[in-house]
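Since the structure comes first, as C-alpha cells, the remarks are kept for the end.
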Amino acid sequence: MGLTEYSSEDLEQEKAIQEQLFQCCDTFESVVFHAGAGSGKTYALVECLKHIVNKNREKLIEHNQKIVCITYTNVAANHIKHQIGASDVVVVSTIHERIWSMIKEQKSALLALHVEKLKNEIKDIRNQLAKKPDFQKYKKLDQVKKQEFFLIMQENREAYYEAYSNNASGFKNSMSEIIPLEYKDLLSNVTKFKSLVDKLFKIERYERCLERIEAKEKEYRVVQYNAKYNRDRLDIMRISHDTVLEYGYQLIEKYPKMRQMIIDQYPYILIDEYQDTTEVAVKMMDLVEKYAKEINHDMFVGYFGDSVQNIYDDGIGGRLNELHTGLKEFDKIYNRRSYKEIIDLANKVRNDRIEQKSIYSDCEGGSAMCYYGTEADIKEFIDMCAENWDCSTENPLHCLFATNQKVAEYSGFLKMYIAFNGTDRYKKGLGYKQLNSELLGQDTRQLGRVPAMFDRLMRLYSEVRNGREPLRNILPTDDFRSISFSELRTLIQVLKSIDGENIEELLKKIFKQYEEKNDKVFKKIIDKVFDLEEASYNAVITEIAKNLYRDDWEESKTAEEMIRPILEIEKQELLNWFDYRNHAEKEKICYHTFHSTKGLEFENVAIILGQDFGKGKGKNLFETYFKEYGKSIEEISDSYETGRNILYVAVSRAIKNLCILYVDHMEDIQDKIEMIFGKIEDIKDGK
DNA sequence: AGCAATTCTCTTTTT
DNA sequence: GAGAATTGCT
C-alpha cells in the first residue's frame, strides 16, 4: 500500500514550521513560504487563514477589517472558500477582482488616470507615425494634405472596412476608386496603408472619447471593468485585466490615502501561487506594506508558492525577492503526495536548493523511468505503460503532452480540431489562441458559438442514449412534469432515431424530423439546441458559416460548400470531443497538456517530450534545458527555465508511477538526460 | 539578382 | 501582431 505511516520526527518538524508561520502572522512579519509540488502549500495557507481568524476575529469585526486571500484563478478561489467555510472576516478572490473592488469607488481619480492613458496612447501613436520607416510617405505630406487624406478616409470608412479583408490586389482596386491620385503612393504597400489608416482612426476615436469625457457625457463619466473581455477598449471606457492592475498600481503610488485605506481595511494579505502573479501586483503589495511600516501600522503579507512552478509568461517566477524586499523566508521540504522514486526525480529536475523529502516512512515502491524513441513509438509507449501498471477505468493512466493538438489526436478528435483550426475565425489574426478556449474550454461559457451548439447537440445525443433519466436535464422542468410516460417514450424513440455518420447527416436528419413531425416538445428541444430565431437546416448552415468564416463568402461559394470541412466532421470525433471535455465516461487513458495539469495529481503518469512545442520546425522546448543542465546561474538562459519549470510541473504530478518518452535526437544531451533520469533506454528494447 | 510586397505561421494559460 | 518564407517586380 504505502504512504500511510508518518515518521514522527518529520511530522514534528513540519508542525514546527507551521508554528513559526503562525508566529509571523501574529507579529506582522511578512513572509514568503517556498513550497514545492505536493508539499501541502494550500493546506499551510488555509491553516494560516484559520489561525488569524481564530485569534483576531472579534478585533477584525470591531474595526471593520478583513483578511484578504488572493488566488490566481477563480477555481482556486472557490476551492479555498470551500475549505475555510463561510466566513465574515475572510475575502477570497483573484487579484483582479480584489484590486478592482478596492479602486472602483475612486471614480474621479480613475477617470483622471483614464484621460492620462488616452493622451499617452495618442502621443505614442503620433510618435510612431513620425518615426517608423513604414510611414515615411505619409510623413512627407504637409499638414493640410495629411488632414485632407484623413477626411477622405473618414468619409469612406465603410468602404475601407468592407475591403479590409480582401487580398492585397483586391484591396488596392477598391481603394483606388476612392483615393485621389496624389495619395496613390501611400497605397503602394497595402499592409503599410492599412496600418496607417488604422492608426489615424484610433487617434480619432481616442480624441473623441476625450471630448466626451470633457463634456461629461452620460456614458463617459466612469471607467468600467468587465472580466469577460480580454482587451482594452479605452475609447468606450472599458478596460481589461492588465489595465485594472495598472490603474490600481498608479492610484496606490499616487495617493497615500489609498495606501492608508488598504492598510486600515486589510491588515492581512495572503497570496496563493505567488509565482504566477504579475510584477505590478507584487509591487503594489510592496508599496502598501512599506508604507504601513512607515506610519507604524500593523500589516502582514504572506506569499505562498514555488518559483519553479511558474509556467505562465507574465508570472514573476523567481523574482519575488527583487520586487518585494525584506520578506522572511521559509522552505517546506516535506512531500505529502508522491513515492520516494518520484520525489527523487523531481528534485533532480528542479536542481536547486529545495530538496524534498517524503513525510512518510513507507514511501518506497514507486517507479520512474525514461525511454527514447520516435514519433511512431508513442502509441506503443502509452500502451506499454497502461499494461505495466495494470491501468483501468478505476486506475487510469494520465498522458501528458505539450500541445492541445496532440491531446486532440490521442483523444480521438484530431480531424475536428484541424477542421476548426482551418476556419477563418481561428486561422486569421490571433485566432489560433482563441481556438483552445472556444473549442476545448472546460467551462461551457468559454465555448464559441458553434462548439457550444455542438456541445448541446451531443449532450442531447448522449443523454437520450445513456442518461439514467433521459431528458431530465434537457426538458424544461414544467414540460418534464406534464409529459405522460408514453409520450416521453415516443419522444425518446424519435430523438434516438436521430443519428448519422457525420455532422451533415445528423443535421439533415434532425430537420427532416423537425419539419415532418408536428411535435411541440420535440421542436422545443431542437430550438434550444440551436438557439436560433428560426430553426432549419439552412439557418444552421448559415449561422455556422457566419460565425466561422469571413462574411465575403457569399459571392464565390454557398454556405454549405464553405463549411464543408465542418459538416464532414465524423460523429465519433464529436463524441470523443464531448467526452474529453466533460470527462463523462471514465477513461482508461486520459490525455492532458502539461499546463492544464497544474495543481492536479495522478497515480500513473506518462509524459511525452517531443518536438512540437516552440517556434519553427523541430524546435524542442526541453533541449536547452537539458543542454544547460547543471551549469551555473550566469550561464543559463530563459529557455532553460521555461523547460525546467514545465518538466518539473509535469513530473511532480505523479504519485506512484512515472514514465517518460523522449522523442528527438539526443546525441548531444544523452549524458545530461542520464544525469537526471538514470539510464535511458530505447523504447524498442523496453518491452 | 536584389529588393519590396504579400502571405504564411505560431505554444501553453488565466484574469 | 511579429518574423519567416514566398512571390512579384524591375
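In the text below, chain A, chain B and the rest are named by the order of the sequence lines, each starting its count at 1. This one's a predicted model, so the numbers in the text were calculated from it and none came from an experiment.
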Item checked: Whole angstrom value for the distance that separates C1' of B:dT12 from OH of A:Tyr591 -> 20 Å

Could you go through nucleotides 2-7 of chain B and list every protein N or O atom that sits under 3.5 Å from one of its N or O atoms, giving the distance for each pair?
from  : atom 1 : to       : atom 2 : distance (Å)
B:dT6 : OP1    : A:Lys172 : NZ     : 3.2
B:dT6 : OP2    : A:Asn189 : OD1    : 3.2
B:dT6 : OP2    : A:Val190 : N      : 2.8
B:dT7 : OP2    : A:Ala168 : N      : 3.4

Note to self: I need the NZ-C1' distance between A:Lys598 and B:dT13, as an integer number of Å.
What the structure shows: 9 Å

Checklist line | Value in whole Å for how far the P atom of C:dG1 lies from CD of A:Gln434 | finding: 13 Å

Notebook entry, point to check: Among all residues two or more places apart in sequence or in another chain, which pass the side chain to side chain contact (heavy atoms under 4.5 Å, CB included) test with A:Asn351?
Noted result: A:Tyr629

Note to self: Looking at A:Asp235 and A:Lys202, is there a salt bridge between them, counting it only when a charged N and a carboxylate O are closer than 4.0 Å?
What the structure shows: no

Next item on the list: Indicate yes or no for a side-chain donor-acceptor contact from A:Glu628 to the backbone of A:Ser637 under 3.5 Å, with no hydrogens or angles considered.
Entry: yes

Notebook entry, point to check: Quick one: does A:Ser652's side chain have a donor or acceptor within less than 3.5 Å of a partner on A:Tyr648's backbone?
Noted result: yes

Notebook entry, point to check: Salt bridge or not for A:Arg238 and A:Asp232, using N-O below 4.0 Å?
Noted result: no

Notebook entry, point to check: Is the phosphate of B:dT13, meaning OP1 or OP2, less than 4.0 Å from a side-chain N or O of A:Thr593?
Noted result: yes

Check: Would one find more than 12 heavy atoms of other residues, nucleotides or ligands at under 6.0 Å from atom NZ of A:Lys137?
Finding: yes

Notebook entry, point to check: NA contact type, A:Asn74, heavy-atom cut-off 4.0 Å: base, sugar-phosphate, or nothing?
Noted result: sugar-phosphate

Check: According to a strict under-4.0 Å criterion, is A:Asn404 in side-chain N/O contact with OP1 or OP2 of B:dT13?
Finding: yes

Checklist line | Donor-acceptor pair present, A:Tyr72 side chain and B:dT14 base, under 3.5 Å | finding: yes

Notebook entry, point to check: Within this structure, what is the CG-to-P distance between A:Asp638 and B:dT12, rounded to whole angstrom?
Noted result: 20 Å

Note to self: What is the distance, to the nearest angstrom, from the NE2 atom on A:His592 to the C1' atom on B:dT11?
What the structure shows: 18 Å

Next item on the list: Provide, to the nearest angstrom, the distance between the NE2 atom belonging to A:His96 and the P atom belonging to B:dT14.
Entry: 13 Å

Next item on the list: May I ask you to verify whether the side chain of A:His595 and the base of B:dT13 hold a donor-acceptor pair under 3.5 Å?
Entry: no

Margin query: Taking only the C1' atom of each, what is the distance from C:dG3 to B:dT13 in whole angstrom?
Written below: 23 Å

Note to self: Between C1' on C:dG1 and NZ on A:Lys194, what's the gap in Å once rounded to a whole number?
What the structure shows: 13 Å

Checklist line | DNA chain B: 5'-proximal contact among A:Ile311 and A:Ala227 (nearest heavy atom) | finding: A:Ile311

Next item on the list: Calculate the interatomic distance between A:Asn421 atom CG and B:dT11 atom C1'; express it in whole Å.
Entry: 12 Å

Notebook entry, point to check: So, does A:Trp577 use its side chain to make a donor-acceptor pair with the main chain of A:Leu439 at under 3.5 Å?
Noted result: yes

